[in-house]
Amino acid sequence: MGSEVRVRLAPSPTGYLHVGGARTALFNWLFAKSKDGRFILRIEDTDRSRYQEGAVQEILESLRWLGLDWDEGPEVGGDYGPYFQSERTETYKSHAEQLIETGHAYRCFCTPDRLQKLREEQEKAKLPNVSGYDRHCRNLSTEVGQSLLAVKKPHVIRLKIPFNRTVDFHDLIRGEIAYETDSLDDLVLLKSDGFPTYHLANVVDDHMMRISHILRGDEWISSTPKHVLIYEAFGWEPPTFAHMPVILSPDGGKLSKRKGAASVMDYKKAGYLPQALFNFLALLGWSPGDDREKMSREEITEIFSLDRVTPKAAVFDEKKLEWMNGMYMRETSVDSILRDVVRMWVDQGIVARETTTDDPYLRTVVSLLKDRSRTVNELAESATYFFRDPESYEEKAIKKHFKGNAAVTLKSLCEILQQSDSFDHQVLEEVYRAQAETLEIGVGKLIHPTRLAVTGVSYGPGLFELLEALGKENVLRRMKRAVEWLESHQDR
RNA sequence: GGCGGUAUCGUCUAGCCCGGUCUAGGACGCCGGCCUCUCACGCCGGUAACAGGGGUUCAAAUCCCCUUACCGCUACCA
């Protein structure tokens, strides 16, 4: 069972989970599921200065919303915990010390100030092939080192990068990648505050948690040779690497809140369905190899494979997400979105605060609007006329449907509807068709003015279902109001 | 600057590993049309790409080299 697939998502709680992180999470999850492996969540909170309150909760919530459940990690536990790096500091410390003993690392007493100046000088000199730390403390004599340690001078622990060698590793989606060790500098493993850097913590944890594959964003590619060298220093076998392409905003830059939504929760708030975002994100960088686009979780999990992941960065196309969400809106149940819709209506002041989701009228409204909405928000926003009489009529539609003798037509319809004892949509349709025949006109000539009178707009659900839902009283009142409006705008 | 990554329609992508079947396929978007009580759906049609230059070869989107562009890293951040 030593070949079990174990992958991990290692977010740092510095903010929300953005869609790029979500896609990385998704691919990890898919890879684990498709290989019958385990998906582990580990919080990389080693940088106390960037820690943000509530970030962990937001990340967990985002993952759960997308349906990316983890087998080990926060709130679910597991055999390789703790899953918060801040609770594992002793482990990192002892491992760093171990590397000093084996001659792979050393204490560095250089001050941040000196390093800062060093960088500035290097910047100015523009020397080719020179970068990073100058290894000042690498050859400190043991006596000097001991005495500085004795006076408790703050220091870090750095890795000794070997000289004049090539480090290479295989990337599952990019092939062989090689680096010259001479282009790498002696990175910090343990910071002066006793916390590990990402590099150390990540290697130690991945090893101790028996991670088999590291699937992470491609901004980590250039850190990978350093990680490989750390594994080497410990005498450990490195896991297999796969670096996922990044997700860009439509202008080709980084995704950000300014350019629209960036976090998973933003998309939830914008009225997207988790199934749709899941499906859409899966197609960003991965494809099934045939023309399928709309696929269920199960279907994707079944055929997901890393060698069908492209190495190319992808632009997040919100229009396509909208389209896909529309497809999921059609197949999702009224019940699954009703709660969210009602909440939005309450927030907009359209329905009373104490409104509950068991009102059959609300269910009808949602079912009438659901199939023609691309997002839950769009649905909620297009429903106002179900709760309030229209306050104005769509300008273009007035010209089209409120012309000629519309007032007369509407009046006659009012009378007929008044006498109808049933407001069932089938009955209504018969009534309208009969009246159209009597007047020897197309039924559309009756339908359109009615719709405009009743809703104020020129589009929406089938008219008869609409009238049935609104009920006789509302319909007649609105139609009469439209007649009045028409009569006072005769000269238009 | 150095190092690394990437490069097919506006966008997501198939094809590239195993050159010919590619006058480069699908999807979103956009533009027409059909259906229809409107909208949406659906259907039909159109728009639009192999970054550039050299090779190799009978033949290159596919293999090799160079250039260019974009991105990342170059922290006691992840």
Side-chain angles (χ1 to χ4, degrees), chain A residues 10-14 44-47 49-50 108 110-112 115-116 119 122-123 125-133 154-158 171 174-175 177-180 183-185 187-193 195-199 201-202 217-225 243 245-246 248 250 252-254 280 283-294 307-308 310-324 326-327 329-330 369 371-374 382 397 400-401 429 432 436 442-448 450-452 455 457-464:
Chain A
S12 66
T14 53
E44 308 235 341
D45 54 351
T46 53
D47 183 1
S49 66
R50 295 210 305 160
C108 168
C110 292
T111 61
L115 296 175
Q116 174 71 25
R119 260 195 298 278
Q122 286 172 346
E123 184 81 14
K126 272 192 182 164
L127 289 173
N129 229 20
V130 173
S131 72
Y133 182 56
H155 66 281
V156 301
I157 296 178
R158 288 181 185 271
D171 184 292
R174 284 156 220 272
I177 298 177
Y179 279 81
E180 295 304 320
S183 71
L184 272 23
D185 69 347
L187 66 146
V188 173
L189 298 172
L190 202 71
K191 301 181 240 180
S192 56
D193 63 2
F195 276 79
T197 58
Y198 168 82
H199 305 296
N202 145 67
D218 69 7
E219 70 269 26
W220 292 107
I221 292 178
S222 32
S223 297
T224 305
H243 289 93
V246 294
L248 307 169
K254 276 188 180 174
F280 177 76
L283 256 19
L284 227 47
W286 173 83
S287 76
D290 52 38
D291 290 342
R292 274 179 288 177
E293 297 229 287
K294 184 166 172 298
D307 43 53
R308 295 210 59 87
T310 57
K312 195 190 145 195
V315 172
F316 193 96
D317 183 0
E318 188 121 15
K319 277 275 190 290
K320 190 158 184 172
L321 207 214
E322 272 181 26
W323 162 76
M324 184 160 277
M327 297 203 295
M329 285 291 284
R330 258 161 257 137
L369 258 16
D371 291 2
R372 34 179 54 79
S373 305
R374 286 163 95 88
S382 64
K400 221 169 162 183
H401 307 304
E429 179 153 10
Y432 265 67
V443 71
K445 294 260 188 288
L446 301 178
I447 289 172
H448 298 307
T450 305
R451 175 188 301 284
L452 186 58
T455 67
V457 293
S458 61
Y459 52 87
L463 184 76
F464 307 111

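Remember, it's a predicted structure, so these values are computed and weren't measured experimentally. What you see below is based on every heavy atom in this structure, not just the backbone, and it leaves out hydrogens, waters and symmetry mates. So that the names make sense, note that chain A is the first sequence line, chain B the second, and so on, each numbered from 1.
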Pair Asp218(A) + Arg174(A), salt bridge at N-O below 4.0 Å: yes
So that I can tick it off, tell me whether Asp290(A) and Arg292(A) are bridged by a salt bridge, with the cut-off set at under 4.0 angstrom between side-chain N and carboxylate O. yes
Considering Watson-Crick and G-U wobble pairs with both distances under 3.5 Å, what does [N] pair with?
N      : result
A69(B) : U6(B)
U21(B) : none
C76(B) : none
C35(B) : none

What nucleic acid atoms does [X] come within less than 4.0 Å of, heavy atoms only: base, sugar-phosphate, or nothing?
X         : value
Ser12(A)  : sugar-phosphate
Glu293(A) : base
Pro461(A) : base
Lys445(A) : nothing
Pro311(A) : sugar-phosphate
Thr14(A)  : nothing
Tyr179(A) : sugar-phosphate
Val188(A) : sugar-phosphate
Pro288(A) : nothing
Leu284(A) : sugar-phosphate
Ser287(A) : sugar-phosphate
Gly253(A) : nothing
Ala397(A) : nothing
Arg174(A) : sugar-phosphate

May I ask you to decide if the ring planes of Trp220(A) and Tyr198(A) are parallel, tilted or perpendicular, using 30° and 60° as cut-offs? parallel
Please determine whether the number of non-hydrogen atoms from other residues, nucleotides or ligands lying under 6.0 Å from atom NZ of Lys191(A) exceeds 12. yes
Considering only [options], which nucleotide approaches the side chain of [X] most closely?
X         : options                : result
Arg158(A) : G15(B), C76(B), C28(B) : C76(B)
Trp323(A) : C12(B), C28(B), C39(B) : C28(B)
Ser183(A) : C28(B), U6(B), C3(B)   : C3(B)
Lys319(A) : C28(B), A40(B), C76(B) : C28(B)
Lys320(A) : C77(B), G15(B), C12(B) : C12(B)
Arg330(A) : A78(B), U38(B), C41(B) : C41(B)
Arg374(A) : C28(B), G29(B), A78(B) : G29(B)
Val156(A) : U6(B), G26(B), C76(B)  : C76(B)

Between Thr310(A) and Ser373(A), which is nearer to the 5' end of RNA chain B once each is assigned its nearest nucleotide? Thr310(A)
Using the closest heavy atom to pick a nucleotide of RNA chain B for each, name whichever of Ile221(A) or Pro11(A) lands nearer the 5' end. Ile221(A)
[N], OP1 or OP2 - any side-chain N/O from [X] closer than 4.0 Å?
X         : N      : value
Lys191(A) : A78(B) : yes
Thr46(A)  : A78(B) : yes
Arg119(A) : C76(B) : yes

Considering only the P atoms, how many Å lie between C17(B) and C35(B), rounded to the nearest integer? 47 Å
Work out how far the P atom of U8(B) is from that of C16(B), and round it to whole angstrom. 16 Å
Any luck finding a side-chain donor-acceptor pair between His401(A) and Thr450(A) under 3.5 Å? no
With hydrogens left out and only the distance checked, is there a donor-acceptor pair under 3.5 Å joining Arg372(A)'s side chain and the base of C41(B)? no
Check this for me: does the side-chain of Arg50(A) come within 3.5 Å of the base of C77(B) through a donor and an acceptor? yes
Atom-pair distance (CG on Leu283(A); P on U11(B)), nearest Å: 17 Å
